[in-house]
Amino acid sequence: MNDKNIILDIYNKIAEKSPIHAKKLKKNMKHYNDVYFQRSDDFIIKYLKFLNTLGKDIDYSIDCYLKMLDDIIAEDTYFKKFGKYSSSSFEEVNNRVYGNPNIMEYYMHGLLISQFLWKQHYQIYNYFIENIKEYSNSTNSYLEIGAGHGLYLSEAVKILDKNAIIDVVDISESSINLAKNLINNDRINFTLANIFDFNSNKKYDFITMGEVLEHVENPLSLLLKLNELLNKNGTLYITAPTNAPTIDHIYLFKNINEIKSLLNKAGFKIEKDIYFYAEDLPEEMAEKMEIALMYGAFLKKI
Amino acid sequence: MEQIDIINKLNNIFREVMDNEDIVITPESSANDIEEWDSLTHVQLIIAIEKSFNIRFKSSEIRNWKNVGEMIEAIQNKF
């Protein structure tokens, strides 16, 4: 079997069901190399095993993904019309999404496969992999907030010293179960808690928080909490999208400068950063059309 | 509203959104037939349709639109 078969099989199945979306996926493929195909297949093999434990298969997962896309189209329509996300409070999103098992189920599976189907998701993951290695020697304690798909966490487990402490705090039990299933490593300590209620005696050398800021009403207070949890010389890796309407995004960052300004306000300076647009368009056009963008940064305390 | 009236109105919307005066749609037309019909123009289409027909779609109503015919059906269901 060709290494590229698994992910390409998913692309083909999506193309049959949604030719509109398939055009975007096809266009974005030019950004991928052999490493992408290897990583995506490795991930999907693990994911298929997890699906199997649920009595589901990849067709189920693709249907979940397409349902999620329909929600995104509806949210994007709202965003383009009104210039804001459709939800503005945690309570609203909690009632609509997190507290609704039917929605959560397809949303979780849809988001999972988007990690390798969406250009910006894969590129920001690749950016993390390329840079995390240089922090391995200085990291004896690692904390991740919102582990979800477990991709960042699995990279951290690979490169950190075997004695390094690895903690995860997540507000969602299903997200923790998912990460546990996909990573299956006894070294990781999972805590089911809201990060604002997480009181640790220790400070961490490295904290990762991928795509959480846009889910809270007050991202500054969350960043201040991370500043408290981070060692004096520690590193924070953060990702957040701009102009990315989904059913559970609350806080709208209109551009990268808004994110950077907030990071600075919370006492962080940028060591290195990057961004990727969701569409393969010239930058000027993407900016003008308010195309979703993923921002990622390695940060130090000021 | 009759299907033919919807199609005529839709055809104008497609031409305007795709910026292509040569587009001629039929109920069978899909994204495979219209090059410019992609995920970006799709959202613009929905916005233009909602405005033009004075309707509002729920996400469940735009689900699985594979061709213009399904789009017409969704519009007809609103009247």
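Every heavy atom of this structure was used, including side-chain atoms; hydrogens, water molecules and symmetry mates were not. Every chain is numbered from 1 and lettered A, B, ... according to where its sequence line falls, protein lines coming before strand lines.
- Contact annotation for A:Ser18: neither backbone nor side-chain heavy atoms come within less than 4.5 Å of a heavy atom of chain B.
- Counting heavy-atom pairs under 4.5 Å between each of A:Lys23, A:His21, A:Met289 and chain B puts A:Lys23 at the top.
- Ring pair A:Phe79/A:His249: centre-to-centre distance not below 6.0 Å.
- Neither the backbone nor the side chain of A:Ile72 comes within contact range of chain B; no heavy atoms are under 4.5 Å apart.
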If you apply the rule salt bridge (Lys or Arg N to Asp or Glu O under 4.0 Å), what do you find for A:Lys67 with A:Asp71, and how did you get there? CA-CA 6 Å; A:Lys67 263 190 195 179; A:Asp71 286 342; over 6 Å; no
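- With a threshold of 4.5 angstrom between heavy atoms, A:Leu281 approaches chain B through side-chain atoms but not through N, CA, C or O.
- Looking only at distances, a side-chain donor or acceptor of A:Tyr85 sits under 3.5 Å from a matching main-chain atom of A:Ala244.
- By the 30° and 60° cut-offs, the orientation of the rings of A:Tyr152 relative to A:His149 is perpendicular.
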